[in-house]
Amino acid sequence: MSRRRFFTVLAGCALSWPAAVLGQQIERLRNVGVLLGLAEVDPEINRRIAILREALRDLGWTDGRNIRIHYRSASGVQRMQALANELVALQPDVIVAGSSMAVSALLRETRTIPIVFVTASDPVGGGFVASLAKPNGNATGFTGAPSSVGAKWLELLQEIAPDIKHFTAIFNPDSAADGGGYFLPPLQAAAASMSIELEAGAVHDLADIEGVFAARGPAGGILVLPDQFTSAHRDFIVESAARHRVPAVYPSRSFTEAGGLMSYGIDLLDLYRRTPSYVDRILRGARSADLPVQLPAKIELVINLSAASALGLTVPRIMLVRADEVIQ
Amino acid sequence: MSPPTIGSPMPRRTLAATLRGRLFLKYAALFVGVVCAALVANGLLDTWASFQEQNALLIRLQSEQARAAATRISLFIKDIERQLAWATQLPWNADTLDQWRFDAVRLLRQVPAVTEVAQLDGAGREQGRVSRFVKDALGRRTDFSQDEFFIKALANKVYYGPVRFVGESEPYMTLALAGVRRDWGVSVAEVNLKYIWDVVSQIRVGVHGRAYVVDPEGRLIAHPEISMVLRNTDASRLRQVQAARAEDSATPPEQALETNDIEGRRVLSVHARAEPLGWLVFVELPVEEAYAPLYLSIQRSGVFIILALVLATLAGLFLARRMMIPIRALRDGAARIGSGDFAHRIVIRTGDELEALGSEFNSMATRLQESHATLESKIRDRTLAKSRLLAAASHDLRQPLHALGLFVAQLRTASTPTERSPIFERIDTAIATMNELFNSLLDISRLDAGALAPNMTEFPIGEVLKRVHTTFADSARAAGLRFRIVASSAWVRSDFVFLEQILLNLVSNAVRYTANGGIVVGCRRRGGQLRIEVWDTGPGIPEDQRKKIFGEFYRYGNPQGDQTVGLGLGLAIVDRLCGLLNQSVELTSTVGRGSRFAVSAPIAASQRRAVQAAPAPVPLDVVAGKLIAVVDDDRLALDGMSGLLRSWGCRIICGCSAAEVLAELSGSDGPPDLIISDFHLSEGKTGLEAIEQLRATIHSPVPAFLVSADVSPALRDQARACGYHLLHKPVDPISLRAMLNRTLRKRSDLAARASCL
């Protein structure tokens with residue numbers, strides 16, 4: 001009798017093992033939403049999504065196995081809001097926002113779903129977080145370049161084209177950080193200290209951009225502020241700058257790669273690689289309110305030599321040394 | 001089964017029942033116990049060893065990680081230092097500004113962690129600043145000469161600033177390096193410590209382990225939970241931090257502390273020091289995770305031990321049962337043999353000591369069987385012999401009884417003394433013959449019953465020889481035989497009475513069977529033994545008769561059973577007595593010439609010249625005139641005794657019981673001098689009681705002795721215990737007289753002594 005019982009117990013143990021193992025494997029499929037601020041047909045979208053996907057896989061989240069990535073992208077405000085609504089309706093576990101505008105749109109839709117912004121110039125000013133160290137809300141992420149970088153832009157333009165004394169800063173008040181109020185004041189202060197003139201150039205459409213470039217001409221310089229709008233229209237801006245032979249400094253390398261003279265700003269793709277670390281933390285149970293907003297570790301200078309020579313400018317040696325990348 | 005009474009041994013059946021099954025359990029328990037003990041010991045040792053190994057391994061691993069992280073941090077900082085040093089090699093003057101700016105920009109390019117580089121001249125004024133985030137400044141000449149970093153850098157060559165947070169969430173550190181000479185100034189770099197964070201957060205410690213960095217003051221400066229760092233957590237309370245800060249930086253220990261971490265979990269903590277900053281890198285693993293494989297191993301062992309226990313129990317039961325089979329066979333077999341079935345044989349075929357034991361039991365059973373059979377046949381023979389003895393005795397008794405009857409009848413008709421006296425003589429002879437027969441029978445039966453035990457003493461053989469001579473001198477002379485005793489001064493160690501009896505019988509036979517010639521009794525020393533020989537010139541005994549003559553009632557040369565030649569018991573008595581003395585009777589004989597009987601006795605080791613061991617010296621006759629009280633419930637015996645004693649001149653008071661005697665005593669003058677009592681009286685009383693009663697009533701310890709027809713040794717012991725002699729019935733007159741004298745003499749001795757006082 002005791003023998004029989006013993007064997008039953010053994011069999012029970014043996015049978016329960018596969019069940020335990022199976023149980024481990026069947027996990028809940030988590031949903032990750034991504035909202036980008038690029039034009040819907042922009043090939044950059046795929047590049048960025050690919051980077052996100054790969055970085056997530058390195059952290060153990062494979063698209064299709066334990067997560068499902070839902071991405072949307074729009075450059076217009078209303079369209080973006082609609083897409084934000086769509087994403088929130090899916091009730092994802094976390095949403096990645098590609099720009100400040102995306103964050104604003106998402107925050108209008110939800111205050112509970114964790115949002116990780118890849119870059120936002122002024123999260124505190126934009127109301128996304130209570131403070132950089134303690135967001136205290138459902139949004140956290142990485143900031144863009146600090147506002148002091150504006151002075152560096154002026155510095156760079158001055159270095160490459162020492163004769164120019166008149167500059168315009170282009171931005172779209174609808175989409176720029178604080179409607180431009182984040183970068184402009186420090187810029188103007190810096191300009192004053194450098195005894196140069198700086199204008200604020202608010203643009204709402206391509207015609208406005210064209211107008212600004214035309215107005216400035218080769219005798220002036222253009223600063224393109226970090227802005228979803230300007231990023232979306234970078235090709236046009238670059239082309240316009242070339243046509244009007246205006247030296248310009250851009251906030252990200254995508255401009256320089258498109259033909260812009262130079263850019264001094266954060267490595268956005270690197271941020272796309274770093275954002276998944278926060279997504280991973282949130283998926284593993286961290287609260288977005290506890291994750292501090294991270295400042296950029298790297299600001300890179302990219303110079304396009306052909307654009308420089310087209311404008312008839314010689315790049316000083318020190319700038320070449322300083323440059324993180326030089327495009328021919 | 002009735003409960004056993006207190007003091008009595010437990011009945012065999014309950015004992016066996018109580019013990020049943022215990023050996024089986026013992027074997028099974030022993031087996032299981034040994035196996036389990038071995039397994040448990042093994043398991044424990046294993047576990048302990050695994051624990052030690054696991055621990056050591058973990059600690060080593062963690063130490064490696066900690067050291068690696070610490071090294072990386074050190075290298076990181078040292079690299080920056082080196083780069084910074086390279087950029088500020090030259091003494092400062094106004095011309096070098098552009099060159100410096102170039103070098104600084106290149107530094108920024110090469111060291112991503114540095115976000116700002118500034119150069120102060122020897123006086124502490126800022127000459128140039130190059131930054132990533134803010135506008136460069138050249139020749140600003142801000143005075144930093146009082147700032148800590150400047151002073152300390154000049155003093156120690158290098159200054160590592162405290163960790164501070166820019167914009168609340170970015171960790172920065174100021175690194176200041178002094179030039180080779182004072183006038184070369186100090187270079188300052190702002191280092192973004194996020195790069196170190198990456199190093200630390202990439203350390204994988206198990207699944208739930210952590211690595212973190214603490215500055216020399218105990219503040220947390222890097223941790224996978226960034227928020228903890230930003231909260232400015234003070235880790236100095238932690239035991240491991242205190243221990244690490246306490247020790248000196250020279251020896252990196254490879255010990256682990258089991259302690260609590262910042263979040264309060266129990267962890268295994270190892271640390272390493274990152275020089276030159278003095279930061280402490282801690283690598284910690286939760287204890288459950290650390291010991292998880294150990295727990296698993298223990299569980300495994302546990303399961304295995306349980307399995308093995310079950311198996312061992314089953315095996316133990318099985319083996320014990322197998323071992324029990326032969327033992328049970330032995331037990332059952334022994335029980336059967338013990339209860340009388342001697343024919344039962346135990347069958348065991350295990351091929352070992354148990355089989356040998358079984359065969360021993362069997363041979364024991366065989367021997368038991370044989371001895372049982374032998375005993376039974378001996379008993380049969382003995383009973384047969386006894387009945388034969390009894391038959392012969394009764395046959396031989398009838399003759400003199402018959403004669404006695406005839407003589408008494410004759411006596412009635414004889415009227416004159418001349419007619420009566422021959423008849424009286426014949427009656428005496430008949431009585432004598434009957435007495436003799438009874439004595440011999442008594443002796444034999446006493447000898448057979450083991451009632452006699454030799455009382456070894458040392459005495460001169462001359463005494464025995466003298467008495468023998470005295471006894472037979474007359475009868476030998478009457479028969480016309482020469483009777484000589486050769487004197488001897490030897491002392492022997494033997495029983496006086498037995499030896500006397502033996503010699504009396506031998507000489508009696510010699511006298512009886514020798515028609516003419518003589519009898520000689522002499523002694524010869526042979527080694528340590530004295531051989532006493534009885535020579536006669538009788539007809540001799542042929543070879544084939546020599547054994548038979550020692551048998552009971554065997555009379556050589558008298559197949560008709562002639563009374564005049566004795567009863568044929570003498571040699572039988574001699575044979576038994578010799579047996580009791582551990583000696584043998586030697587017989588040498590030549591037919592027609594004579595025979596020689598010899599018996600040996602060991603010569604006494606020492607000769608005591610003083611006291612003779614012989615009992616009973618020749619008594620003076622003191623019986624005449626004494627008052628004797630006789631108690632016997634047998635009227636006939638009572639009359640006979642009284643008559644005899646009266647014929648010796650005694651006065652008699654007799655009765656069937658003590659009461660009767662007492663009644664008669666009141667009428668007499670004075671107390672009796674002696675009491676003779678039969679042992680078994682009527683109404684269950686014993687002679688002892690009667691004597692005591694009489695003594696009590698008379699208020700004087702009158703000497704007494706007992707007579708009895710009961711020959712059992714128990715009776716004799718009882719009498720002896722109470723201090724009385726015992727004479728066996730029928731009492732021969734000589735013995736009676738001797739006893740009377742002895743007993744009365746004691747009294748007179750005592751009286752004489754009393755009167756002397």
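For clarity, every value in this text was computed on a predicted model and none was experimentally measured. Naming convention: chains lettered A, B, ... in sequence-line order (proteins, then strands); numbering from 1 in each chain.
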**Report entry** Test of ring centre spacing under 6.0 Å for A:Phe142 and A:Tyr278
**Finding:** yes
Query raised in the report: Under 6.0 Å between the ring centres of A:Trp153 and A:Phe183?
Result: yes
Relative to chain B, which segment of [X] carries a heavy atom at a distance below 4.5 Å: side chain, backbone, both, or neither?
{"X": "A:Glu159", "result": "side chain"}
{"X": "A:Gln294", "result": "both"}
{"X": "A:Val124", "result": "neither"}
{"X": "A:Arg287", "result": "neither"}

Report task. Sort B:Phe165 into side chain, backbone, both or neither according to what part of it lies under 4.5 angstrom from a heavy atom of chain A. Result -> neither
Looking only at side chains, do [X] and [Y] share a donor and an acceptor under 3.5 Å apart?
{"X": "B:Glu81", "Y": "B:Tyr160", "value": "yes"}
{"X": "B:Glu190", "Y": "B:Thr115", "value": "no"}
{"X": "B:Glu116", "Y": "B:Ser131", "value": "yes"}
{"X": "B:Arg129", "Y": "B:Thr142", "value": "no"}

Query raised in the report: For B:Tyr27, does the OH atom have more than 12 heavy-atom neighbours from other residues, nucleotides or ligands under 6.0 Å away?
Result: no
Query raised in the report: Applying a criterion of heavy atom separation less than 4.5 Å, what residues of residues 313-328 of chain A form contacts with chain B?
Result: A:Arg317, A:Ile318, A:Val321, A:Arg322, A:Ala323, A:Asp324
Query raised in the report: Using 4.0 Å as the upper bound for N to carboxylate O, is an ion pair formed by A:Glu300 and A:Arg253?
Result: yes
